[in-house]
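Since the structure comes first, as structure tokens, the remarks are kept for the end.
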Amino acid sequence: MRYFAQRFGFFILSLWAAITINFLLPRFMPGNPAEVMITRYQGRLNPLVLHSLELQFGISHQPLWQQYVTYVQNMIHGQFGLSITYYPVPVISVIENSLPWTLGLAGTATVVSSILGVLLGIFAAWKRGGMADTLLPVVTTFTSAIPYQWLALLLLYIFGFSLGWFPTAHSYSATLSPSLHPAFIGNVLDHAILPATTMIVTALGGWLLGMRNNMIHTLGEDYVVFAEAKGVTQKRLKYMYAARNAMLPSLTGFGMALGFVVGGSVLVESVFSYPGIGYQLVTAVQNEDYPLMQGLFLIIAVSVLLANFIVEMLYGKLDPRVKKGGAGRS
Amino acid sequence: MQTSETMERQTPILEVDHLTVVYETAKGDVIAVRDVSFSLYPNEIMGLIGESGSGKSTMAYAILRMLKGAARVVHGTVRILGKDIYLLSPEELRKFRWSHFSMVFQSAMNALNPVMTVEAQVIDTLKSHRPHLTRLEAKERALELCELVRIDPRYLKSYPHELSGGMRQRIVIAIAIALEPSLVIMDEPTTALDVVVQRSIMDQIRDIQMRVHFSILFISHDFSLVSELATRIAIMYAGQIVEFTDSHSLEDRMSLHHPYTEGLWNAIPKLANRNIVIEGIPGGPPNLLKLPEGCSFHPRCRYKSEICSAQTPELKTYGTYEIACHHVLDKEGHHD
Amino acid sequence: MSIQNDSKSNRLRTFPGVQAIRNFLKDTRAKTGIIIFTFFSLIAILAPVLTPYNPNDNNFVPLTPPSLQHWLGTTGNGQDVFSQFVWGARTSLSIGLLAGLISTVLSVLIGMYPGYRGGWMDRIFDTITNVFLVIPSLPLIIVISSYVHSAGPWVIVFVIGLTGWAGGARVLRAQTLTYRNRDFISAAKLGGSSELRILVWEIVPNMLSLIISNFMFGTLGAILAEAGLEFLGLGNVSVVSWGTMLYWSDSGGALLMGAWWWLLPEGLAIALFGMSLALMNFGIDQLTNPRLRSDSLNKKKARIKRRESNANI
Ligand SMILES: Nc1ncnc2c1ncn2[C@@H]1O[C@H](COP(=O)(O)OP(=O)(O)O)[C@@H](O)[C@H]1O
Ligand code: SF4
Ligand SMILES: [Mg+2]
């Protein structure tokens, strides 16, 4: 319970930090970017909308703390204002339409790459000094240094344009309308394969290397040696005694890893015109649609924080040491 | 307890024959165990004493065939119940080890998997060797073992971090005797514990051994611990066994001993604290990479003569003792 | 014996000691890493000497494939790809290394000093570190850069450097904590050294390999972030860097027109340069963490020995 409270407190704290960053950035950036934007939209937008933009971005005579209170309240209630790009659609609707795509894409990529990476890491460490252990870490140092956008472009060109195996853009064919029909789901998967592969290939190495190193460390632990002596089978030794413990530190790095994947999905979605949060973020940035951009950044942060929180709860279940108040981690 | 004569006639549980173990290092081979031979008979408790770093654990691991990393058995054999364990296939070894011989590790505090309950780890041991055991039977056996090591059965559902050091150690002992082995090697099983807990564990080990009967190779650097439990005692110095004696003779100042044993004996009160260098023996443990010529103890020995640095003394029998020293008999006169 | 062992693990590791450097060089992976790293560094340093044309010169026939005149062909805008590639190396490597340096300095300051001091200061900075660790950095960098219009290389260096310190700070803090109560630190304290002195002269040298490894990953992250930002057109697209090259080749539809030479070199170079950093880090890892060593040679030797010993038995 104490662990839960502690982690929840941290979740709230980071959420507050993300909102505050959003609030402070346009106000303290040199050159007053918000004012520049608003002047540019003068006369093109409804005066009421302009006024609310001014309030949102600090072009007002209210004291800073008052602006801050209003701002935090609005953010908590999901009142992100109207998108300028999709005027007069509210930012929250744009988010609602794009979030599921990113969750699906980045979520799948994270799950697949972490499972695959962890398994390969276990394998490499177990066959210490063998072929796989020598090659895999080196190969993955290359794959994890590949720029997302570059790999995305290559895959798009080879498997999309040249070979024509996969669609080259969007999340589903324009001829279909969204439903739970198998044909539609198949179509969605078809569209997701190339972007997901891009993210899996680049994210795999981190998981693999982390798991390998933890596993090698764990294989030297006394309880693994003792278990081997007492005659548990190799398979049980590998998974129940070594891997089970080696996984725990990997899990604590999950939040950071997820952040990378989400960052990558901005670039990947932009290459594949995949209508997720990342794609919208780029659109918003290119159109200087600050309300949309702020809303998207916040939702990205919230998603990562939430996923991290869930993993931390899972961690509490997997490591019995944290129940009693967190001996397992700080 | 049996006398040593009746033991001689039985087949030994453990036969170590000319065992030599080295660590291969960048600077050369560290000879951690050197030409060690001895046998252990049913129900016998043998003590093995030596300073920290003298090669006791290395020998124990070699007997268990659990040497890791740079350590190699370069010579000799280890037989358990007549079987050369180095000739077993990995799967044969997995099955044979623990059902016939087991070990309580020096680092028993960390020998339990932090993410499994105590019960699961006991059951794991049982089921790994007896796959046909039902869960219920395994649980019953776990309960039985708990009682044997005097642990409240409700702790079976606990995780290791919830138990005290003494309790963890008792669980490890329970796991070691779970399959009723004929031999249990105990490598400094009480070192990490405070004196009171140490006492009660020692009493328990004796008590359990009397109830379920198995041989023990009890390793320690602590003279008093070993002499109250073991009947026969081996003294190890720089990887070699320099003396076999018995616990009675250790209390008798006048009986024959290796000069190193004498030194250890003079230092008994100091030994309880591991970090204090043994008083009565000048100098420190030798460099195992480059042992002194002849008797490896000679740089620290006050009885040494020319022959000591020229010729390695062999173990020789003196009554019921065996001692490897050129001057055991003549040093009597020097005795103060 | 136990006294000796303890003092050994506590003794100051003098880094970079001769032995440490020798071990580092012995590792094939580290060696490969150094070679690749040096290769790209030389390209960047020698850019003016190496390039036949001005990278912005757009008087050539667009989209010509690699030839003797244009080793890597020309862009859709009629520039020489090779010249752009070489000058781009200069920009991208400088941005990466500088941003990596900034984030490492921040990691050291934020992770090590409060970590060493302990108390409330440590708790506050540790919490801040953990918060920044979970706030996704590329989106944050994108948001910041969008407020700064067409950010030049310097701005990008600072934005990336200022957002990328959290991971390193956490690792360095954890390591600092393990040093706080070591014997040689206590000795230095008793000797009357000030806290800052101890940190700088006793702890930092011991953690140098960890700090260097941090710098390498910081640089790797920075180069990828730079490429990402430029690719989205958030930097100054008239500056020549590997990132802007990707931007122009994508917006110019390089692949659709079959102009692979316009896209492949810079992407491959980023991946290779990043890989060289990670490879060198393997060498460092093995210095600090001998358990990770996977020395196949040793194993082979051991196997042979083993067979011999079995024959003896
Ligand atoms: N991994 C190793 N590499 C090299 N030498 C080792 C290694 N482990 C132990 N040794 C050496 O072997 C000797 C015996 O160690 P050990 O068996 O642990 O002694 P004990 O159990 O009597 O304290 C020690 O002197 C030590 O220097
Ligand atoms: S052989 Fe010589 S040096 Fe060795 S113990 Fe005996 S008297 Fe001392
Ligand atoms: Mg030992």
Side-chain angles (χ1 to χ4, degrees), chain A residues 10 13-14 17-18 21-22 25-26 29-31 33 36 128-129 133-134 137-138 141-151 153-154 156-157 161 213 216-217 220 255-256 258-260 262-264 266-267 270-271 278 281-282 284-286 288 290 293-294 296-297 300-301 304-305 308 330, chain C residues 29 32 126-128 130-149 166-167 220 223-225 227-228 231-234 243 246 249-250 254-256 260 263-264 266-268 270-275 277-279 281-282 285 289 291-292 294-296 298-299:
Chain A
F10 179 74
L13 183 74
S14 345
I21 289 174
N22 247 348
L25 277 180
M29 253 331 159
V36 174
R128 182 80 185 280
D133 187 35
T134 317
V138 175
T141 50
F142 180 76
T143 53
S144 19
I146 298 177
Y148 287 98
Q149 66 274 29
W150 186 66
L151 183 61
L153 285 170
L154 288 187
L156 179 67
Y157 176 70
F161 288 109
N213 291 356
I216 282 171
H217 185 82
M256 205 164 58
L258 199 64
F260 281 130
V262 168
V266 175
L267 294 163
S270 141
V271 170
L281 182 66
V282 175
V285 166
Q286 276 160 356
E288 280 174 32
Y290 290 159
M293 188 181 79
Q294 286 206 336
L296 289 167
F297 175 72
I300 289 174
V304 172
L305 295 178
N308 195 47
S330 57
Chain C
R29 295 178 296 187
T32 318
D126 184 40
T127 308
I128 295 178
N130 285 328
V131 168
F132 268 89
L133 209 57
V134 285
I135 290 183
S137 60
L138 189 65
L140 179 60
I141 293 173
I142 291 175
V143 168
I144 298 178
S145 329
S146 86
Y147 289 126
V148 190
H149 289 272
L220 169 58
I223 287 193
L224 287 173
F231 178 75
L232 296 174
L234 291 174
L246 279 176
S249 69
D250 173 49
L255 282 180
L256 288 182
W260 50 267
L263 179 83
L264 283 189
E266 63 269 26
L268 203 59
I270 292 172
L272 283 176
F273 185 74
M275 180 186 179
L277 294 167
L279 284 178
N281 193 61
F282 276 130
D285 245 9
N289 197 352
R291 256 190 187 182
L292 294 181
S294 67
D295 213 330
S296 50
N298 258 352
K299 270 216 160 165

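Everything numeric here is computed off the predicted structure, so don't read it as measured data. So you know, we letter chains A, B, ... as the sequences are listed, proteins then strands, and number each from 1.
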For chain C, find which of Phe10(A), Tyr148(A), Phe260(A) contributes the most heavy-atom pairs closer than 4.5 angstrom. Phe10(A)

Could you tell me which of Leu154(A), Leu151(A), Val262(A), Leu258(A) has the largest number of non-hydrogen atom pairs under 4.5 Å with chain C? Leu154(A)

Counting heavy-atom pairs under 4.5 Å with chain C, which one of Pro147(A), Ala301(A), Pro137(A), Gly278(A) comes out on top? Pro147(A)

Scored by heavy-atom pairs under 4.5 Å with chain A, the best of Leu220(C), Thr32(C), Ile142(C) is Ile142(C)

Apply side chain to side chain contact (heavy atoms under 4.5 Å, CB included) to the pair Ser137(C) and Phe132(C), showing each step before the final yes or no. CA-CA 8 Å; Ser137(C) 60; Phe132(C) 268 89; over 6 Å; no

Name the option with the most non-hydrogen atom pairs under 4.5 Å to chain A; the candidates are Leu246(C), Leu268(C), Asp250(C). Leu268(C)

Could you walk me through whether Phe161(A) and Leu255(C) pass the side chain to side chain contact (heavy atoms under 4.5 Å, CB included) test, one step at a time? CA-CA 9 Å; Phe161(A) 288 109; Leu255(C) 282 180; over 6 Å; no

Heavy-atom contact with chain A under 4.5 Å, split by part of Leu263(C): both

Ile223(C) versus chain A, the contacting section by heavy-atom distance below 4.5 Å: neither

With sequence neighbours left out, the residues meeting side chain to side chain donor-acceptor pair (under 3.5 Å) with Tyr157(A) are none

Is it true that a side-chain atom of Tyr290(A) and a backbone atom of Ser146(C) form a donor plus acceptor pair closer than 3.5 Å? yes

Where on Ile146(A) is there a heavy atom nearer than 4.5 Å to chain C: the side chain, the backbone, both, or neither? both

Heavy-atom proximity to chain A below 4.5 Å, by part of Leu264(C): both

Checking heavy atoms, do the side chain of Ile270(C), its backbone, both or neither come under 4.5 Å from chain A? both

Please list, chain by chain and in numerical order, all residues satisfying side chain to side chain donor-acceptor pair (under 3.5 Å) with Gln149(A), sequence neighbours excluded. none

Measure across Leu279(C) and Arg29(C) and return the closest heavy-atom pair with its distance rounded to 0.1 Å. CB-O, 3.5 Å

Tell me which of these, Ser144(A), Ala18(A), Ala17(A), Pro26(A), has more heavy-atom pairs under 4.5 Å with chain C than the rest. Pro26(A)

Looking only at non-hydrogen atoms, find the nearest pair between Pro136(C) and Ile300(A) and report the distance. CG-CG2, 3.7 Å

Under 4.5 Å from a heavy atom of chain C, the part of Ile21(A) involved: side chain

Is Leu277(C) close to chain A through its backbone or its side chain, or both, or neither, when contacts mean heavy atoms under 4.5 Å? neither

Is it the side chain or the backbone of Val138(A) that comes within 4.5 Å of chain C heavy atoms, both, or neither? both

Of all of Gly228(C), Gly274(C), Gly167(C), which one pairs up most often with chain A through heavy atoms under 4.5 Å apart? Gly228(C)

For a quick test of reading the model, state the closest non-hydrogen atom pair linking Phe142(A) to Ala271(C) and the distance between them. CE1-CB, 3.6 Å

Heavy-atom pairs under 4.5 Å with chain A: which of Ile144(C), Thr127(C), Ile128(C) has the most? Ile144(C)

Heavy-atom distances under 4.5 Å only: say whether Leu272(C) touches chain A with side chain, backbone, both or neither. both

Leu153(A) versus Phe231(C), closest heavy-atom pair with distance: CD1-CE1, 4.0 Å

Nearest non-hydrogen partners of Ile135(C) and Ser14(A), listed with the distance: CD1-O, 4.2 Å

Please report the shortest heavy-atom distance between Pro139(C) and Gly263(A), naming the atom on each side. CD-CA, 3.9 Å

